[in-house]
**Student:** 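Dumping the structure here so I can ask a few things about it.
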2 protein chains.
Amino acid sequence: MLEGSDLAIAREAVLFASLPDELADTILQRATTRSYRRGETVFLQGDPPESIFVVLDGWIKLFRITSTGAEAVVGVFTKGRSFGEAVAFAGGAYPVSAEVVTDSRLLHVRASILSTMMRDRPEIATAILASAFRHLHGLVAQLEQLKAHTGAQRVAEFLLELCLREKGSCTITLPYDKTLIAGRLGMQPQSLSRAFNRLETQGVKISHNQATIADVERLREYMLQDRSAPWRKAE
Amino acid sequence: MLEGSDLAIAREAVLFASLPDELADTILQRATTRSYRRGETVFLQGDPPESIFVVLDGWIKLFRITSTGAEAVVGVFTKGRSFGEAVAFAGGAYPVSAEVVTDSRLLHVRASILSTMMRDRPEIATAILASAFRHLHGLVAQLEQLKAHTGAQRVAEFLLELCLREKGSCTITLPYDKTLIAGRLGMQPQSLSRAFNRLETQGVKISHNQATIADVERLREYMLQDRSAPWRKAE
DNA sequence: CTTATTCCTTGACTTTGGTGAAGCAGCGGT
DNA sequence: ACCGCTGCTTCACCAAAGTCAAGGAATAAG
């Protein structure tokens, strides 16, 4: 049922990484895959949770629709990342909606299967907790970013996450459209544009969906600056 | 070891709510309590996690120190709330620091005990997942607030959470100092002051640590307003 | 009672970023 | 090639909130 390459991706996911091969394989044998087209909804906030998902390919966005209709992006995930773990066991409903932003394939693992298996194999619970913890950590990091950094700094951080190099220069392909990047970083598309402009003075060039960082260390420096520091340089 | 009133509080916590009495009691018998003075540190971000905590009395703040030394408050918990669940099982280190903001008492549950017991009683895993999920949910709500509401609206939301009434008027005692409230809501103390002033036009009065809401429904209305709506009223 | 300290508020100023409108480029369809 | 769509950028404007600085109120200490 599951192709070898898919299996390899799933095995890398935090959710399965700590499990012995034999156990992970048993679970994966009972999982299914499905393709989604850009724009499709995986689930809506408020839906009763039935599955845990692992992204095999493409990009998925998790977001919340506020009471006033505004959208707040809570996470954007790609290959090897799972979502929906915690909620599938805590009862209740998905607190967010999930939408496919580029054509994608997802692995579905039915929560009921995991639930049952957990009875005999408590290490599954630990694995799920590890996944949930990773999400917690990601959300905490986002909160910190939002509270302590300016828009341009958040953009810098976003670029640096995509850049594998530690130093020197680096060219990145933006993984999804700028409107979504803006949402993920908690700003309007217009502000993202301005942020990119501001980063030009830090050696960042954007053309189409390619970003070039002239000096990774310099950009990291900029990102880490204290909010009140910039004017100090004017002295 | 555990007083009756403490036991009652702990039993109410999400962490234990779903467990059968017999199991919860077994765990609680092996837990310890400790008193803390205002300002004490419970753990620091980066510490290896050993315990799960349940607040029996007082207020605890969870926060992160950013690379630049700024503080980002991630949560403020009181009686009946637990913290540290997910990390205690996911390995790694606490992603946040915990500090006591008013004299408090905490229940410590050693993670190793729960780990061991989980082997025979998988429902413990589900209980921990439920707790972790609650935190996830709280963080998602905070992100949404931060991205979609103005400062004054967040303050309104904060007050409404403390107000038990659904309608009419209501007086609240602010649970901790304003500097911390400001931190929790992602703003500077000065901005909190100004936000309070702004809410006066919505029938909110602050004196010392007492807040009076003249009309709860009116304030809720204000909180739910779209960001772009206010000026529309000027037409 | 006086002083020091801490916390809170206010004021003036500046920066950031949201808003609405306009323009432009790229792309798909006819 | 032409149209219309969508996504991105730019502009001008303004509101929200951070910063620095000063002053007030309550509390603790001498």
Side-chain angles (χ1 to χ4, degrees), chain A residues 38-39 66 68-72 101-102 145-156 174-201 204-211 222 225-235, chain B residues 38-39 66 68-72 101-102 145-156 174-201 204-211 222 225-235:
Chain A
R38 177 196 158 111
T66 70
T68 61
E71 170 183 309
V101 293
T102 67
Q145 263 190 59
L146 220 45
K147 286 184 177 174
H149 295 312
T150 68
Q153 284 176 313
R154 298 199 299 272
V155 174
L174 300 178
Y176 36 84
D177 74 31
K178 297 187 188 174
T179 310
L180 179 55
I181 296 176
R184 161 63 238 280
L185 298 175
M187 54 177 101
Q188 302 297 317
Q190 293 98 315
S191 299
L192 179 65
S193 249
R194 284 193 280 242
F196 278 143
N197 289 337
R198 198 165 310 187
L199 289 183
E200 268 180 31
T201 66
V204 176
K205 286 232 165 28
I206 308 286
S207 66
H208 306 279
N209 63 344
Q210 298 281 315
Y222 173 82
Q225 258 175 12
D226 195 284
R227 262 192 125 134
S228 52
W231 69 266
R232 240 174 251 154
K233 296 205 302 197
E235 287 188 51
Chain B
R38 177 196 157 110
T66 70
T68 62
E71 170 184 310
V101 293
T102 68
Q145 262 190 61
L146 221 45
K147 286 183 177 174
H149 295 313
T150 68
Q153 284 175 313
R154 299 200 297 273
V155 174
L174 301 178
Y176 36 83
D177 74 30
K178 297 187 188 174
T179 310
L180 179 54
I181 296 176
R184 162 63 240 278
L185 298 175
M187 55 177 100
Q188 302 298 315
Q190 294 97 315
S191 300
L192 179 66
S193 248
R194 286 190 267 257
F196 277 142
N197 290 335
R198 198 165 309 186
L199 289 182
E200 268 180 31
T201 66
V204 176
K205 286 231 165 29
I206 309 284
S207 65
H208 306 278
N209 62 345
Q210 297 281 315
Y222 172 82
Q225 257 175 14
D226 195 284
R227 262 191 127 133
S228 52
W231 69 266
R232 241 175 247 151
K233 296 205 302 198
E235 287 188 49

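Each chain gets a letter, A, B and so on, in the order the sequences are listed, and its residues count up from 1. Being a predicted model, the structure only gives us computed values, none of them experimental.
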**Student:** Would you say a side-chain N or O of T179(B) is under 4.0 Å from OP1 or OP2 of dC8(C)?
**Tutor:** yes
**Student:** Using modelled atom types and a 3.5 Å cut-off, is there a donor and acceptor pairing between side-chain atoms of Q188(A) and backbone atoms of A182(A)?
**Tutor:** no
**Student:** For T66(B) versus A148(A), what's the shortest heavy-atom pair and its separation?
**Tutor:** CG2-CB, 3.9 Å
**Student:** Verify, without hydrogens or angle tests, whether Q153(B) (side chain) and T150(B) (backbone) share a donor-acceptor contact under 3.5 angstrom.
**Tutor:** yes
**Student:** Taking OP1 and OP2 of dG18(D), is either one under 4.0 Å from a side-chain nitrogen or oxygen of S191(B)?
**Tutor:** yes
**Student:** Does a side-chain N or O from N197(A) land closer than 4.0 Å to OP1 or OP2 of dT10(D), or not?
**Tutor:** yes
**Student:** Checking R154(A) side chain against L185(A) main chain: does a donor-acceptor pair fall under 3.5 Å?
**Tutor:** yes
**Student:** Could you state the atom-to-atom distance from CG of L180(B) to P of dC7(C) in whole Å?
**Tutor:** 12 Å
**Student:** OH of Y176(B) versus C1' of dC8(C): gap in Å, rounded?
**Tutor:** 17 Å
**Student:** Mark yes or no for whether K205(B), through its side chain, and Q210(B), through its backbone, hold a donor-acceptor pair below 3.5 Å.
**Tutor:** no
**Student:** Starting at atom CZ of R198(A), determine the distance to atom P of dT16(C), rounded to an integer number of angstrom.
**Tutor:** 5 Å
**Student:** Find the distance Q188(A):CD to dT16(C):P and express it as a whole number of Å.
**Tutor:** 17 Å
**Student:** For the side chain of Q190(B), counting heavy atoms from C-beta on, which of dT10(C), dG18(C), dA17(D) is nearest?
**Tutor:** dT10(C)
**Student:** Between dG7(D), dT9(D), dT9(C), which nucleotide gets closest to the side-chain atoms of R38(A)?
**Tutor:** dG7(D)
**Student:** Which whole-number value in Å describes the distance from R194(A) CZ to dT10(D) C1'?
**Tutor:** 9 Å
**Student:** Given dG26(C), dT10(C), dA17(D), which nucleotide is nearest the side-chain atoms of S193(B)?
**Tutor:** dT10(C)
**Student:** Starting at atom CD1 of I206(B), determine the distance to atom P of dA26(D), rounded to an integer number of angstrom.
**Tutor:** 16 Å
**Student:** Taking atom C1' of dT10(D) as reference, at what distance in whole Å does atom CG of L192(A) sit?
**Tutor:** 14 Å
**Student:** In whole Å, what is the span from the CE atom of M187(B) to the C1' atom of dT9(C)?
**Tutor:** 15 Å
**Student:** If you check every side-chain atom of H208(A), which of dT10(D), dC8(D), dG26(C) has the closest atom?
**Tutor:** dG26(C)
